[in-house]
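Naming convention: chains lettered A, B, ... in sequence-line order (proteins, then strands); numbering from 1 in each chain. Please read all numbers here as calculations on a predicted model, not as lab measurements.
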There are 4 protein chains.
Amino acid sequence: MASTQPRRGDTRQRIQDVALELFTERGYDKTSLREIAERLEVTKAALYYHFKTKEDIVLSVVEDLGRLLDELIEWGQAQPHTLETKKELLRRYSEALADAAPVFRFLQENQATVRELSIGGAFKERLVTLSDLLRAPDAALTDHVRTTAAMFTMHVGLMALHDVEGDPEDKRKAVLEVALDLLTEAHRSR
Amino acid sequence: MASTQPRRGDTRQRIQDVALELFTERGYDKTSLREIAERLEVTKAALYYHFKTKEDIVLSVVEDLGRLLDELIEWGQAQPHTLETKKELLRRYSEALADAAPVFRFLQENQATVRELSIGGAFKERLVTLSDLLRAPDAALTDHVRTTAAMFTMHVGLMALHDVEGDPEDKRKAVLEVALDLLTEAHRSR
Amino acid sequence: MASTQPRRGDTRQRIQDVALELFTERGYDKTSLREIAERLEVTKAALYYHFKTKEDIVLSVVEDLGRLLDELIEWGQAQPHTLETKKELLRRYSEALADAAPVFRFLQENQATVRELSIGGAFKERLVTLSDLLRAPDAALTDHVRTTAAMFTMHVGLMALHDVEGDPEDKRKAVLEVALDLLTEAHRSR
Amino acid sequence: MASTQPRRGDTRQRIQDVALELFTERGYDKTSLREIAERLEVTKAALYYHFKTKEDIVLSVVEDLGRLLDELIEWGQAQPHTLETKKELLRRYSEALADAAPVFRFLQENQATVRELSIGGAFKERLVTLSDLLRAPDAALTDHVRTTAAMFTMHVGLMALHDVEGDPEDKRKAVLEVALDLLTEAHRSR
DNA sequence: CATGAATGAGCTTTCATTCAT
DNA sequence: GATGAATGAAAGCTCATTCAT
């Protein structure tokens, strides 16, 4: 149980953790497998025992967030398209983001790169679908902006407010409140 | 004067244009100087005649937007900190973004990479400064979020609404309207 | 075990050998890693598996001679500063040079380059220290020249007499004799 | 006559001076024409107005010393092969070296490189010829070493004693004295 | 007497990947 | 569950050189 001993069994997980950290910090392309291996004190070849390619590492890391979003979309589509549903969607999205914050940051900061990967469009599409669920199909352009802003405000909460002082949970709630306001406002003008 | 003839005198400009396009599309790191050179039908060495390094190309491309933001900040700081000033700040920011849209997209999509470059903090700092100008120093957390959202909504307008149908200028105005609403709302609760 | 089979385990050594040979023959700067790799029938990347940089190769090659000289200096400093000690110093230096002749030739013929490398001063300094050990601190200028000449005559023996006919060991002894004469002469006038 | 004005007419000479300085200091290969041009505040293309190639610059710089040596050899061959002639040869050689010291240093420190250039063997040959003139054809090996050492001691004077304190002219004379001693000694055992 | 613009060849270095052990 | 040794491809960059102006 000594933490200085070579852990065993968890190497796969440790690779994912270190990779995500480095990919976010220094960029996916700028991060070489050599760096990841060195930081873990294993050889590059060891990485290849656990993952088929570099891209595979990133896929595995991003997979959970993908599933989360899919579930959210599925849920949203199954509900009646009321304001209350939409509010609940935002609430759930907020929680999902909070949970998967590091992965989300990575995606945000490596958009150009990620687009070329096979995950590619997948995430963008999901965000569009999600955003569509918040909006009436016949919404005016301004309201379109409002619902979109509602969603993206939450990303901003993750990024721009990251180095603002204050309890993360407080910040999350403040962000959610503003997002809900935007959503409500978009609905009022119906 | 035929456009298929080797243009002269404009090579530097053409490098910047093609580079920005490729950097945005495929990512800064994934875009090699070979690709840029090939697309311009010159040799790599020609790029190095006009720019000292790859990073230099990106710096030169991003420079104008930097100046624009600095001017905006300077202006904002010279004005009385009234609601009207802040609204005008948003209006001007909106126009600046519209003008420099391609550069801005590049920065947005290559954040991780850009952070490592020497432009690095420069842009983030400017956005923070700008955002500070929109906010009362004693603003509640929710209002902090609102002013921040006001600014970032405009980025979203650039990105997420890019492939929504409609006249760009209409979209810009709709986005600006929502941003102004957020700003006003943040002020009401003073 | 056939010598035309790809040897294994000795690649590092083979790189050093070929590198030293080419560096001496055609100059460090003029010798590209491609040439070294080709002559070894491996890829350039293989060189980088064994050495971190081109400079590293040269450092590793030169290291042994450095140690030899350090030991010699240490020994010299531990002895009484008598004529006999100095003579023995020359004798030992002569042997060291004979052993490390190829490395020494390389250093001699690439002085300007080596100076810029990180070995830089190291060797020059050692020769100066060694030369100081041969000399009385209050020696007249002429005697200063004589002891210096004693040392450098040995280098000449290595270089200028290289293509003079005769048994190498005979030549070494003749050179040593002249050097010892110079040393003795320098002492007489004390 | 103001020294800050762009001198004219002497550009060729200035190129040679700067080139020799840089070639000696940082090595011929490591010194690029760009560096030379920059230091002279002209363009690379300007160098090509004055010299056909990089090698040409070095040839032009080294030419004078070559002629000097040729004259010395010619003179030596025309004299009777007496000890006095040989002594005078050394004296004249000493002066030639003192005059052409910078060029000589360059050759000394860039041997490997120079060998590949078209000057190549020329200088080595001349030194061998010169050295032969100092020696009786039937000299014993030890005396062969002594005459060779006599010559090379003078190079050492240029190099190793360069950063020893003292008047250069005094040093030159001390070196010459030792060299003459070596020569005389070589003759005595005839 | 010189420059501005460009090229072709080559350099050192790094990377993702492979595979026998 | 991993390593040691290597590869093929490509990257960013520099250099000597050319030539129209």
| task | Looking only at side-chain atoms of C:Val42, point me to the closest of E:dT13, E:dG10, F:dT7. | result | F:dT7
| said: If you only use heavy atoms from C-beta on, which nucleotide in E:dG8, F:dT17, E:dT3 is closest to the side chain of D:Lys44? | reply: F:dT17
| Heavy-atom distance under 4.5 Å between the side chains of B:Val62 and B:Phe123, does that happen here? | yes
| Basic-acidic side-chain contact under 4.0 Å: D:Lys30, C:Glu116 | no
| said: Quick test of your reading of the model: are D:Arg39 and D:Glu35 salt-bridged, counting only N-O distances below 4.0 Å? | reply: no
| query | Mind checking the P distance from F:dT21 to E:dC1? Whole angstroms is fine. | reply | 22 Å
| said: Within the 4.5 Å heavy-atom criterion, are D:Glu21 and D:Asp17 side-chain neighbours or not? | reply: no
| message | Please list, in numerical order, the residues of residues 23-36 of chain C that have a heavy atom closer than 4.0 Å to any atom of DNA chain E. | response | C:Thr31, C:Ser32, C:Leu33, C:Arg34
| Is there any salt bridge (charged side-chain N to carboxylate O under 4.0 Å, His left out) pair reaching into residues 43-58 of chain A, and which pairs are they, with sequence neighbours excluded? | none
| field | Nearest atoms (heavy-atom pairs only) where C:Thr24 meets D:Ala112 | value | O-CB, 4.1 Å
| task | Kindly state each residue pair satisfying ring-ring contact (aromatic ring centres under 6.0 Å, His included) with at least one member in residues 27-53 of chain D, sequence neighbours excluded. | result | D:Phe23-D:Tyr28
| task | Please list, chain by chain and in numerical order, all residues satisfying ring pair (Phe, Tyr, Trp, His ring centres under 6.0 Å) with C:Phe104, sequence neighbours excluded. | result | C:His155
| How does DNA chain F read in dot-bracket, base by base from 5' to 3', with Watson-Crick or G-U pairs under 3.5 Å and | used when the partner is on another strand? | .||||||||||||||||||||
| Stretch residues 47-58 of chain D: residues that reach within less than 4.0 Å of DNA chain F through a heavy atom | D:Tyr48, D:Thr53, D:Lys54
